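The structure appears right after this line, and notes come after that.
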Amino acid sequence: MPHSLFIDIPDNFSFRSTIYSHGWCELAPFEIDETNWRLTYVFRQRNGSRPVAGTIFEDAGRLRIELGSKPVSRKKIIDDVRHILRLDDDLNGLYESVADHERLSWVVEKSAGRLLRSPTVFEDLVKTICTTNCSWSLTKKMVANLVEKLGEPTARGKRAFPTPEAMAGVSADFYRDEIRAGYRSPYFVELAEAVASGKLDPQSWLTSDLPTPELKKEMKKVKGVGDYAAENLLKLVGRYDGLALDSWLRSQFYKNHNNAKVCADKKIERHYKKFGKWRGLVIWCDMTEKWIN
DNA sequence: GCGTCCAGGTCTACC
DNA sequence: GGTAGACCTGGACGC
C-alpha cells in the first residue's frame, strides 16, 4: 500500500515547466520519467531514519507524492517538495517584465521560471561545482558516483545525496579514483569539512540579508566556485540579477540573437539589462524556450 | 588506435 | 584588475 501525500497547486505554477526547467532533474538522486511526467527524489529524513524515495506527479489538480515507505515526518517531505519545486516563490515581477514582450510572453503562458533545486544549498553547491569545466555527461557521472558511493540507502536500495559528514569522511584520493572528480577532489574535501564542522553554512544563503554582490563574494570563497558557479547558485537561492554565463548559454545567445557569431559578454549583459533583477531568469527562459514549448 | 580539442570554468602567479 | 597557463575527465572528431 503506497503512502501518499498531497499538495495543492498554487496559481502560476506548471509542474512540467518546473521539473524540466534545467538539467537538475537528470542529476541523482533525481530521476525523471518524461513519458508519464513524474519526478522521483530520495528524501533524507530526520532522527537518523533511513531516507525515503518519493515520486511526485500531478493527480486531479493536485501534486501527489507517492512514497516508498511510511515517512517519519510528513511535514519534512512536504516542506522539501515545496522547496525543490519553488511552490512558494513569487514570480509576478518576472511575469510583469515579460508579459508584453513579443519573444518572451510564452513564459507567462507556460508559467515558466521556477528553477528546480535540491532540498539543501549544500547539495546544489556540490552539483554546481560538478558542472564546471566538463561535459554534461561527466557532470551526471560525478553526481551519480557521489550518490552511489557515499549516499545513505533507502529500505529499497535507492540512495540519497550524501551528507556533508559523509563527504568529509573520505579523502581527495577517493574523489579522484571513485568519483572521477579530477582536480575538484580537494575542493570537495575542503567544502565538506567546512560544512560538517559548522564553519560554513550554505543554507544561510537562502535567507541572507547581504546585497547580491556581497553574497556572491561569500559564495566565491568556496574553492571551485567562480563567477558562473556563484551566479548559478544565486539563481537557486532566488536572486536573478546575475546571468550565470557559461559556454552553453553563450552559444545559445550567439545562435538566437547574434547570427551565430561570437560576441563579448558585455553585449549579452546589455541585451538583458532592461529586465533588471529578473535578468538572470529571463536569459535562462529565453535560451531554453524549446525545452518547455 | 592515437592525438587533439573542448565541454554548462576556476585557480594561481605574474604583471 | 587583467591575463596566461595549468588543471581532471571523457566523448567527439580527424587522421
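Each chain gets a letter, A, B and so on, in the order its sequence line appears, and its residues count up from 1. From a predicted model like this one, the values you see are computed outputs, not experimental measurements.
The outermost nucleotides of DNA chain B lying under 4.0 Å from heavy atoms of chain A, listed 5' to 3', are B:dA7 to B:dT12.
Annotation: salt bridge (Lys or Arg N to Asp or Glu O under 4.0 Å) contacts of A:D8 (sequence neighbours excluded): none.
Taking atom OH on A:Y183 and atom P on C:dC8, their separation rounds to 9 Å, with Å as the unit. If you measure from atom CG of A:D177 to atom C1' of C:dT9, you get 13 Å, rounded to the nearest angstrom.
Summary of the strand contacts: A:T132 and A:S137 both lie near DNA chain C, and taking for each the nucleotide with the nearest heavy atom, the more 5' one is attributed to A:T132.
Across all their heavy atoms, A:V121 and A:Q203 have their closest contact at N-OE1, 2.8 Å.
Looking at heavy-atom distances under 4.0 Å, A:L249 makes no contact with the nucleic acid at all. Counting non-hydrogen atoms under 4.0 angstrom, A:R184 reaches a base of the nucleic acid. Contacts of A:A229 with the nucleic acid, taken as non-hydrogen atoms under 4.0 Å apart, involve only primed sugar atoms and P, OP1 or OP2.
Taking the P atoms as reference points, B:dG8 lies 27 Å from C:dG2, given to the whole Å.
With ring centers used as reference points, A:W106 lies 6.0 Å or more from A:W291.
Side-chain contact between A:D286 and A:Q252 is absent, with no heavy atoms from C-beta onward closer than 4.5 Å.
Contact check, A:K141 against C:dG10: a side-chain N or O comes under 4.0 Å of OP1 or OP2. For A:R180, no side-chain nitrogen or oxygen approaches OP1 or OP2 of C:dC8 to under 4.0 Å.
Relative ring orientation between A:F275 and A:Y272 is described as tilted, the plane-to-plane angle lying within the 30° to 60° band.
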Any chance you could encode DNA chain B as dot-bracket? Rule is Watson-Crick or G-U wobble with both distances under 3.5 Å; [ ] for pairs crossing earlier ones, | for another strand. |||||||.|||||||
